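Here is the structure we will look at.
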Amino acid sequence: MDAATVRMVLTAIAENNLSQFEPGEPIEAVEWLKQRIRTTRSDKRGGVQFNPQVEAAARAAERAVALYQQGDVEAAKPLALEALKLLNG
């Protein structure tokens, strides 16, 4: 999983286009985002870096995927778009 795939999955949910992703990919996308909320710094200071924007995107994506899987496409669309906006911002 990579950032491009995550964006593709979220876009597919926003557009209600199931053919754009494989079964299981939406959940993998959410997990990928959750793993990037806290990352290890690569500079000399090291340590863990918290990214609130990725956390907000992960929460929105998680809700969007849950609603989408429940069949509530209309409620999932704005959340998927919100997650995309946070990732691109």
Side-chain angles (χ1 to χ4, degrees):
M1 183 73 46
D2 58 18
T5 305
V6 170
R7 285 184 180 91
M8 186 263 319
V9 168
L10 292 171
T11 300
I13 290 172
E15 296 173 350
N16 191 23
N17 190 349
L18 282 171
S19 66
Q20 293 295 321
F21 56 82
E22 298 293 324
E25 275 188 327
I27 293 170
E28 290 175 24
V30 170
E31 292 304 316
W32 187 89
L33 284 169
K34 285 181 178 180
Q35 291 173 359
R36 274 131 190 96
I37 292 171
R38 287 180 176 76
T39 57
T40 304
R41 295 177 62 125
S42 60
D43 60 10
K44 291 180 182 179
R45 295 188 305 191
V48 175
Q49 181 177 1
F50 173 72
N51 191 332
Q53 197 164 349
V54 174
E55 181 181 38
R59 287 185 181 181
E62 185 172 40
R63 290 183 297 187
V65 168
L67 288 168
Y68 194 79
Q69 289 179 329
Q70 294 171 5
D72 194 351
V73 175
E74 292 306 313
K77 286 180 182 183
L79 292 166
L81 290 172
E82 177 185 343
L84 282 167
K85 182 179 176 183
L86 289 164
L87 289 175
N88 293 329

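Bear in mind that the values here come from a model prediction, so they are computed numbers and not experimental data.
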Completion exercise
Sequence neighbours excluded, the answer for side chain to side chain donor-acceptor pair (under 3.5 Å) partners of Q53 is none
Problem - Hydrophobic cluster partners of V30 (side-chain heavy atoms under 4.5 Å) - result: M8, V9, I13, L18, F21, I27, V65, Y68, V73
Practice task
Please list, chain by chain and in numerical order, all residues satisfying side-chain contact (heavy atoms from CB on, under 4.5 Å) with E55, sequence neighbours excluded.
Solution key: I37, F50, R59
Handout entry: Pairs meeting criterion side chain to side chain donor-acceptor pair (under 3.5 Å) with involvement of residues 27-38, two or more places apart
Key = K34-E62
Problem - Set of side chain to side chain donor-acceptor pair (under 3.5 Å) partners for T5, sequence neighbours left out - result: D2
Practice task
Identify, with sequence neighbours excluded, every residue that meets side chain to side chain donor-acceptor pair (under 3.5 Å) alongside N17.
Solution key: S19
Quiz: residues 74-89 side-chain donor-acceptor pairs under 3.5 angstrom, not counting sequence neighbours:
from	atom 1	to	atom 2	distance (Å)
E74	OE2	K77	NZ	3.3
N88	OD1	R7	NE	2.8
N88	ND2	L84	O	3.2

Problem - Sequence neighbours excluded, every pair satisfying salt bridge (charged side-chain N to carboxylate O under 4.0 Å, His left out) that has a member inside residues 13-26 - result: none
Handout entry: By side chain to side chain donor-acceptor pair (under 3.5 Å) - contacts of R63 (at least two apart)
Key = none
Completion exercise
A57 and L33 have their tightest heavy-atom pair at O-CD1, 4.2 Å
